[in-house]
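Some notes on the structure that comes next.
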2 protein chains.
Amino acid sequence: MVTTVPYSKEHKQQTRQLILSQAYRLFSSKGFSSVTIDEVMQACSLTRGAFYAHFESKSQLYKEALTFSAFNTALAERKPEDIPAKAWLSHLLDQYLSVAHVSGERPCPLAFLATDVVSRDSGAKAAYTYTYQNMNKVIWHYAQNEVSCTEQDILGLTSMIVGAVAVARNIEDRRLVERILTSCRQQARLILGGI
Amino acid sequence: MVTTVPYSKEHKQQTRQLILSQAYRLFSSKGFSSVTIDEVMQACSLTRGAFYAHFESKSQLYKEALTFSAFNTALAERKPEDIPAKAWLSHLLDQYLSVAHVSGERPCPLAFLATDVVSRDSGAKAAYTYTYQNMNKVIWHYAQNEVSCTEQDILGLTSMIVGAVAVARNIEDRRLVERILTSCRQQARLILGGI
DNA sequence: GTCTATATTGGGATAGAC
DNA sequence: GTCTATCCCAATATAGAC
């Protein structure tokens with residue numbers, strides 16, 4: 001019941017982080033219901049029983065993994081000092097609207113869990129909303145004073161890039177996926193008004 | 001094993017359509033895994049056992065329900081003769097980008113099942129892709145010759161409206177939802193270039 | 001075609017040893 | 001904290017009567 005000698009506090013923290021990262025990887029690719037706790041723990045080279053020393057339930061894991069992911073997304077990365085805001089924003093957009101992202105590289109929870117969060121509890125929805133607001137904040141941070149659009153216009157931009165990635169994941173025709181991403185890269189520039 | 005007297009062929013067809021419509025209603029609101037066959041059949045006032053006289057499996061039902069929905073979406077509605085193409089397109093956009101739609105009224109499968117289809121089989125993905133292509137075709141049909149954008153630009157537009165609805169469903173803050181929808185209605189007009 | 005069982009599996013969660 | 005073993009419920013699918 002109580003943590004004893006052979007496992008240090010750091011070890012528990014590390015294990016917890018490992019579980020969160022593997023859980024997010026699996027949840028983002030398959031959704032809540034299709035992921036089993038056994039699967040998550042096996043990915044961590046642990047057994048199912050050990051799970052409950054870290055989390056109360058699968059639902060709690062989901063919520064925490066969602067929050068965890070918000071800090072590991074590409075958008076959370078700090079801009080290198082020597083790159084201008086406009087160039088960095090352009091880079092972020094291209095990265096988001098890339099085949100690599102659609103294929104699951106550093107998946108954005110907003111796109112990958114878009115319809116999965118709906119059936120979860122309010123906590124998960126709150127985490128989703130927070131991440132969405134944060135995405136808008138980050139983009140506006142780089143865009144403001146540089147482009148000719150309002151803060152409200154950013155909401156349309158983020159809807160578009162999230163939607164593009166979410167839709168593209170279901171499309172097996174590679175050519176169509178490319179066309180969607182290309183169109184959105186263009187429209188994003190149109191909305192921002194010159195970057 | 002074989003259909004006998006007390007149930008006519010039309011009766012079977014009617015039952016089948018009822019199952020499809022109830023299934024789509026449930027799938028679109030909760031996703032594949034969270035819907036049970038029992039639930040679908042209860043919504044039809046039938047029992048679980050009867051299901052297998054109509055479909056082979058839950059997966060097949062999902063795929064067929066997805067295809068079925070494509071023919072019942074608001075976008076599939078015919079334009080009344082006396083309404084100009086531009087006005088009709090404008091009406092379709094406003095309807096798509098409405099709180100009512102986000103709340104589940106005549107749900108568009110592209111938005112409501114955006115991340116749910118990913119884990120399904122190729123048949124489901126093909127149905128999704130077909131529906132997406134069709135949405136683009138319909139919008140382009142009304143837009144062409146009326147607006148100043150290319151067919152490729154429509155892909156960005158549809159990504160945006162699908163994304164907006166998918167994202168908004170997870171947000172409990174009504175005010176934020178309104179702001180997202182408003183922004184997208186504006187950006188949609190911007191992309192179309194004057195409607 | 002629809003019903004009432006029932007077979008069977010998968011997976012969340014707990015118990016107790018180490 | 002992690003393991004193995006187990007409980008237990010939910011849900012897909014089938015069998016057989018009507």
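The model shown is predicted, which means the values in this text are computed figures rather than measured ones. Labels below follow one simple rule: chain letters A, B, ... track the order of the sequence lines, proteins then strands, and each chain is numbered from 1.
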Take atom CD of A:Q42 and atom P of D:dT2, then tell me their distance rounded to the nearest Å.
16 Å

Residues at least two apart in sequence or cross-chain that pass side-chain hydrogen bond (donor to acceptor under 3.5 Å, both in side chains) with B:E39, listed by chain then number, are B:K30

Does A:T47 have a side-chain nitrogen or oxygen under 4.0 Å from the phosphate oxygens OP1 or OP2 of D:dT2?
no

Separation of D:dG1 atom P from A:E10 atom CD, nearest Å, is 12 Å

Quick one: ring-ring contact (aromatic ring centres under 6.0 Å, His included) partners of B:F68, sequence neighbours excluded?
none

Starting at atom CG of A:L26, determine the distance to atom C1' of C:dG11, rounded to an integer number of angstrom.
15 Å

Is any side-chain N or O of B:T15 closer than 4.0 Å to OP1 or OP2 of C:dT2?
yes

Could you give the CZ-to-P distance, from A:F55 to C:dT14, as a whole number of Å?
15 Å

What's the CD-P distance between B:Q14 and C:dT2, to the nearest Å?
11 Å

Could you pull out the protein-nucleic contacts involving nucleotides 12-14 of chain D (nitrogen or oxygen on both sides, under 3.5 Å)?
| from | atom 1 | to | atom 2 | distance (Å) |
| --- | --- | --- | --- | --- |
| D:dT12 | OP1 | B:K58 | NZ | 3.3 |
| D:dT12 | OP2 | B:I37 | N | 3.3 |
| D:dA13 | OP2 | B:Y52 | OH | 3.2 |
| D:dA13 | OP2 | B:K58 | N | 3.3 |
| D:dA13 | N6 | B:R48 | NE | 3.4 |

Going by the rule ring-ring contact (aromatic ring centres under 6.0 Å, His included), which residues pair with B:Y96 if we only count those two or more places apart in sequence or in a different chain?
B:H101

Given atom CE of B:M41 and atom P of D:dA11, what is their separation to the nearest angstrom?
16 Å

Scan for side chain to side chain donor-acceptor pair (under 3.5 Å) pairs involving residues 117-130 of chain B, sequence neighbours excluded, and state none if there are none.
A:E172-B:S122

Side-chain donor-acceptor distances from residues 84-92 of chain B under 3.5 Å, at least two apart:
| from | atom 1 | to | atom 2 | distance (Å) |
| --- | --- | --- | --- | --- |
| B:W88 | NE1 | B:Y142 | OH | 3.4 |
| B:S90 | OG | B:R189 | NH2 | 2.6 |
| B:H91 | NE2 | B:Q95 | OE1 | 3.0 |

Should the ring pair B:F32 and B:F27 be called parallel, tilted or perpendicular, given that the plane angle runs from 0 to 90° and is split at 30 and 60?
parallel

